[in-house]
Amino acid sequence: MKYSIEEMQHAYAELNKKERPLAAFFGAIGGALPAAALYLFFGEMGGVLAFMLLLPAVVIGLFARYTGFPYRLKVRLPIGLLAMILHIAGCWLLQLNPLIYLLAPVCAGIAISMSKVKLSKLQDLAIDRAKMGRLGVEKEAEPT
């Protein structure tokens, strides 16, 4: 499907207007509270399965997605860092096997991927065109 430059410019401007990096990070912090409660719940259960330790990263990512609508990687990296720190703290709190600590980068990756907003084809094409400089939108106009 072929889109006009005006449609892509409008989609790109709307996407940048919707994305709020600070709200996404505070949403991730808000998601870290129920995620920490999940670690406490796992500790009360006794046995902890490895895939259960990935669930708090999903919660953090979803909270960040619906509060800040992040689509750029540099906005989503602090969310992954927060998930990694929470995973390490949860493993330390539960006194788990040290090999479970190796799931920290996986938790960060899950939180980063879960926090990304689903983009339409028009938005994806507009982002690609803007990166190439063919959209007519200056790089300085992007919010950081």
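For reference, positions follow the sequence shown, starting with 1.
- Here the closest non-hydrogen pair linking Ala111 and Ala83 is CB-CB, 3.5 Å.
- Note: the hydrophobic cluster containing Tyr12 also contains Leu119 (ILVMFWY, side chain heavy atoms under 4.5 Å, direct or indirect links).
- Put simply, CG on Leu125 and NZ on Lys2 are 11.0 Å apart, with the number rounded to the nearest 0.5 Å.
- In this structure, Glu7 contributes its side chain and Ser4 its backbone to a donor-acceptor pair below 3.5 Å.
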Review point. Checking side chain to side chain contact (heavy atoms under 4.5 Å, CB included) for the pair Leu94/Leu40: CA distance, chi angles, key distance, verdict?
Key: CA-CA 8 Å; Leu94 297 176; Leu40 293 175; over 6 Å; no
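- Within the 3.5 Å criterion, the main-chain N or O of Leu135 finds a donor-acceptor partner in the side chain of Gln9.
- Among all heavy-atom pairs drawn from Pro56 and Ala35, the shortest one is CB-CB, 3.5 Å.
- Here CD of Glu14 is found 9.0 Å from CG of Leu122. Values are rounded to the nearest 0.5 Å.
- Ile88 and Ile85 are members of different hydrophobic clusters when ILVMFWY side chains are connected at heavy-atom separations under 4.5 Å.
- Although no hydrogens or angles enter the test, the distance criterion places a donor-acceptor pair under 3.5 Å between the side chain of His87 and the main chain of Ile100.
- Here the side chain of Ser115 pairs no donor or acceptor atom with the backbone of Ala64 at under 3.5 angstrom.
- Considering every non-hydrogen atom in both Met84 and Pro105, the closest pair reads CE-CA, 4.3 Å.
- Taking hydrophobic clusters as Ile, Leu, Val, Met, Phe, Trp and Tyr residues chained together by side-chain heavy-atom distances below 4.5 Å, Met52 shares a cluster with Leu96.
- Annotation: side chain of Glu19 is in contact with side chain of Pro70 (closest heavy-atom distance under 4.5 Å).
- Within the 4.5 Å cutoff, the side chain of Pro34 has heavy atoms near those of the Phe63 side chain.
- The same ILVMFWY cluster, assembled from side-chain heavy atoms under 4.5 Å apart, contains both Val106 and Met114.
- Residue Ile60 comes nearest to Ala28 through the heavy atom pair CG2-CB, 3.8 Å, listed as atom of the first residue, atom of the second, then distance.
- To the nearest 0.5 Å, atoms CG (Asp124) and NZ (Lys118) are separated by 12.5 Å.
- With values rounded to the nearest 0.5 angstrom, Leu33 atom CG is found 9.0 Å from Leu86 atom CG.
- Under the 4.5 Å side-chain heavy-atom criterion for grouping Ile, Leu, Val, Met, Phe, Trp and Tyr, Ile127 is not connected to Phe69 through any hydrophobic cluster.
- Proximity of a side-chain donor or acceptor of Arg134 to a complementary backbone N or O of Ala130 within less than 3.5 Å is not detected.
- Listed for the Arg20 side chain is a donor-acceptor partner under 3.5 Å among the backbone atoms of Thr67.
- To the nearest 0.5 Å, atom CG of residue Leu54 and atom CD1 of residue Ile110 are 4.0 Å apart.
- Inter-residue side-chain proximity for Lys121 and Tyr3 is flagged as met; some heavy-atom pair is nearer than 4.5 Å.
- More than 12 heavy atoms of other shown residues, nucleotides or ligands fall within 6.0 angstrom of atom OH in Tyr101.
- With a 4.5 Å cut-off on side-chain heavy atoms, Leu53 and Tyr39 count as touching.
- Here the shortest heavy-atom pairing between Gln123 and Ser120 reads OE1-N, 3.1 Å.
- Residues Ile112 and Ile79 are not in side-chain contact: their nearest non-hydrogen atoms beyond the backbone lie 4.5 Å or more apart.
- Atom SG of Cys91 sits about 9.5 Å away from atom CG of Asn97, to the nearest 0.5 Å.
- With hydrogens and angles disregarded, a donor-acceptor distance shorter than 3.5 Å links the side chain of Arg65 to the backbone of Lys116.
- Here the side chains of Ile5 and Arg129 are in contact, with some heavy-atom distance below 4.5 Å.
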Check your understanding: How far apart are the C-alpha atoms of Asn16 and Tyr71, what are their side-chain angles, what is the distance that settles it, and do they pass the side-chain hydrogen bond (donor to acceptor under 3.5 Å, both in side chains) test?
Key -> CA-CA 9 Å; Asn16 281 331; Tyr71 73 92; 2.5 Å; yes
